[in-house]
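Just so we're on the same page: letters track the sequence lines, and every chain starts at 1.
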Number of protein chains: 2
Amino acid sequence: MNRFGEMHCSIAQAVSVVGEPWTPLILRDLFLGVRRFDDLARDLGVSRNLLTQRLERLMAAGVVSRRPYQERPVRYEYHLTEAGLDIVPALMVIMAWGDKWATPPGGPPAVLVHSCGRPFTPVVACPHCGGPVTADTVTATAGPGAAPGPGTWVLAGGLAPG
Amino acid sequence: MNRFGEMHCSIAQAVSVVGEPWTPLILRDLFLGVRRFDDLARDLGVSRNLLTQRLERLMAAGVVSRRPYQERPVRYEYHLTEAGLDIVPALMVIMAWGDKWATPPGGPPAVLVHSCGRPFTPVVACPHCGGPVTADTVTATAGPGAAPGPGTWVLAGGLAPG
DNA sequence: CCGGTTAGTCCTGATTCTGAACTTAGAAGG
DNA sequence: CCTTCTAAGTTCAGAATCAGGACTAACCGG
């Protein structure tokens with residue numbers, strides 16, 4: 001997803017890093033505590049060469065890091081960096097959407113429990129008023145980095161709204 | 001992304017619908033008010049055959065619908081359904097992550113304004129206690145639909161945690 | 001009749017993904 | 001010493017998907 005990385009759009013930027021096929025599931029497994037290459041490959045059923053590529057890209061982007069858990073031969077375990085941990089809430093919001101609109105047969109495969117002790121479905125809120133963030137309660141306006149270009153002509157005002 | 005649709009995992013389910021290349025950006029444009037095929041193709045720079053495929057898939061999944069805005073010849077405009085509007089908050093959380101960890105040159109291209117009148121960065125919260133949802137404050141446990149299979153061996157307990 | 005608009009479809013070459021076998025480096029067992 | 005096992009990749013051929021541009025269909029305005 002190299003083309004997306006050149007767009008002046010934060011969604012495109014994020015997608016170019018964490019939106020490639022398999023990547024969200026790799027991040028999910030890392031969050032769940034899967035640490036090793038073979039475990040990731042086995043759990044997901046992803047081909048090993050692709051897993052190598054994805055982990056390399058995630059490390060280059062600073063989302064995942066690895067450290068040796070043994071020498072001779074060197075074996076690494078992978079885990080989320082600060083940036084990687086920071087994307088976990090987004091994964092949970094996506095999971096909640098999947099639970100609601102594309103429920104897998106048998107019901108939700110996972111239930112989230114908050115540190116307050118209760119199972120929950122995450123909500124997205126405005127930090128100022130605490131109100132819900134929905135398509136109806138939000139407007140997007142051009143920011144300082146808005147520039148006309150592929151994927152951003154709309155925001156920069158170069159494409160007449162329908 | 002058909003393989004993901006068979007996994008017993010709500011993230012995989014969601015990704016199989018809204019995670020294909022270009023799809024998040026198509027949804028973004030629809031939220032921003034772009035309605036027509038040609039406008040979408042021009043704004044994003046996506047090839048027209050792929051845009052056709054993506055819109056078909058999104059309509060089949062109930063995320064996007066279209067209605068004719070003229071007859072002879074029939075011309076459609078596309079918009080988000082309830083399910084499509086419901087994924088907008090997730091897009092905003094992803095956008096916020098992109099702003100923070102993969103800032104496009106020049107700063108954030110877009111700024112969100114809430115109905116309370118203030119620009120904001122969305123936060124993910126627990127609806128019970130109102131506390132923040134982060135990787136540290138959340139645990140995932142097996143739900144009713146948990147089943148061993150590709151992408152879910154971990155959750156179902158079939159893969160020893162590291 | 002000619003050009004313009006809108007929404008696609010069709011085709012070809014390039015890129016990416018899958019699946020399986022192979023490699024490397026050492027450990028364990030007999 | 002020989003074989004088998006584990007872990008983390010690497011390599012390769014065939015299949016699937018994507019990009020980009022040309023083409024089609026249906027109508028409008030002049």
Side-chain angles (χ1 to χ4, degrees), chain A residues 1-7 12 15-17 19-26 29-30 34-60 64-79 150-151 159-162, chain B residues 1-7 12 15-17 19-26 29-30 34-60 64-79 150-151 159-162:
Chain A
M1 302 225 180
N2 228 289
R3 145 185 314 242
F4 298 136
E6 283 150 35
M7 293 183 182
V15 161
S16 83
V17 173
E20 295 181 291
W22 295 105
T23 297
L25 298 177
I26 293 169
D29 269 16
L30 290 175
V34 183
R35 293 272 163 270
R36 298 187 183 176
F37 187 91
D38 273 20
D39 288 343
L40 287 167
R42 197 165 52 250
D43 182 55
L44 298 175
V46 61
S47 63
R48 310 170 65 80
N49 53 359
L50 196 55
L51 179 57
T52 303
Q53 259 180 245
R54 291 295 183 268
L55 288 171
E56 269 167 10
R57 175 143 178 69
L58 287 170
M59 287 190 288
V64 164
S65 64
R66 68 177 183 184
R67 60 162 169 255
Y69 66 89
Q70 70 168 42
E71 310 284 341
R72 281 193 320 281
V74 184
R75 292 283 179 267
Y76 297 100
E77 58 182 25
Y78 294 87
H79 43 114
L159 206 76
Chain B
M1 300 222 181
N2 227 291
R3 147 182 317 239
F4 299 136
E6 283 150 34
M7 293 183 182
V15 161
S16 83
V17 174
E20 295 182 290
W22 294 107
T23 297
L25 298 177
I26 292 170
D29 269 15
L30 290 175
V34 183
R35 293 272 164 269
R36 299 189 182 176
F37 187 91
D38 273 22
D39 288 344
L40 287 166
R42 198 164 53 248
D43 182 56
L44 298 175
V46 61
S47 61
R48 310 171 65 81
N49 54 357
L50 199 52
L51 180 56
T52 302
Q53 259 181 243
R54 291 296 183 267
L55 288 171
E56 269 167 10
R57 176 142 177 68
L58 287 170
M59 287 190 289
V64 165
S65 65
R66 68 178 184 185
R67 61 162 167 253
Y69 66 88
Q70 68 168 44
E71 310 285 341
R72 281 194 320 281
V74 184
R75 292 286 179 263
Y76 297 100
E77 58 183 26
Y78 295 87
H79 43 113
L159 207 76

From C/dG19, D/dC27, D/dA19, pick the nucleotide closest to the side chain of B/P73? D/dC27
Return the minimal non-hydrogen interatomic distance between A/L40 and A/V46, and the atom names on each side. O-CG1, 4.5 Å
Looking at A/R66, does any N or O in its side chain come under 4.0 Å of the phosphate oxygens OP1/OP2 on D/dG9? yes
If you find the nucleotide of DNA chain D closest to A/R75 and the one closest to A/T52, which residue's nucleotide is nearer the 5' end? A/R75
For D/dC18, does either OP1 or OP2 sit under 4.0 Å from a side-chain N or O belonging to B/R48? no
Is a side-chain N or O of A/R54 found less than 3.5 angstrom from the main chain of A/P21, in a donor-acceptor match? yes
Under 3.5 Å, side chain of B/R66 to main-chain N/O of B/E77, donor-acceptor pair present? no
Does any non-hydrogen side-chain atom of A/E20 lie less than 4.5 Å from one of A/F4? no
D/dG9, C/dG8, C/dT18: which one has an atom nearest the side-chain heavy atoms of A/S47? C/dT18
At under 4.0 Å between heavy atoms, what does B/R72 touch on the DNA or RNA strands: base, sugar-phosphate, or nothing? sugar-phosphate
So, is A/W22 near the phosphate of C/dT18, with a side-chain N or O under 4.0 Å from OP1 or OP2? yes
Expressed as a whole number of angstroms, how long is the span from A/Q53:CD to C/dT15:P? 14 Å
Please state whether the phosphate of D/dG20, meaning OP1 or OP2, lies under 4.0 angstrom from any side-chain nitrogen or oxygen of A/R3. yes
Atom pair distance, as rounded to whole Å: CG in B/L40 and P in C/dG8: 11 Å
Roughly, in whole Å, what's the span from CD in B/Q70 to C1' in C/dT5? 9 Å
How many whole angstroms separate atom CZ of B/R42 from atom C1' of C/dT5? 11 Å
OP1 or OP2 of D/dT6 less than 4.0 angstrom from a side-chain nitrogen or oxygen of A/Y69, does that happen here? no
Nucleotide C/dA27, atom P - distance to CD of A/E71 in whole Å: 12 Å
Would you say A/Y78 reaches D/dG9's phosphate, i.e. side-chain N/O to OP1/OP2 under 4.0 Å? yes
Over how many whole Å does the gap from B/L50 atom CG to C/dT9 atom P extend? 13 Å
Options C/dC10, D/dC18, C/dG8, nucleotide nearest the side-chain atoms of B/P21: D/dC18
Side-chain donor/acceptor contact of B/N49 with base of C/dG8 under 3.5 Å: no
Write down the distance between CD (A/E77) and P (D/dG9), rounded to a whole number of angstrom. 12 Å
In terms of heavy-atom contacts, A/L30 and A/Y78 come closest through CD2-O, 3.7 Å
Write down the distance between CD (A/E20) and P (C/dC17), rounded to a whole number of angstrom. 7 Å
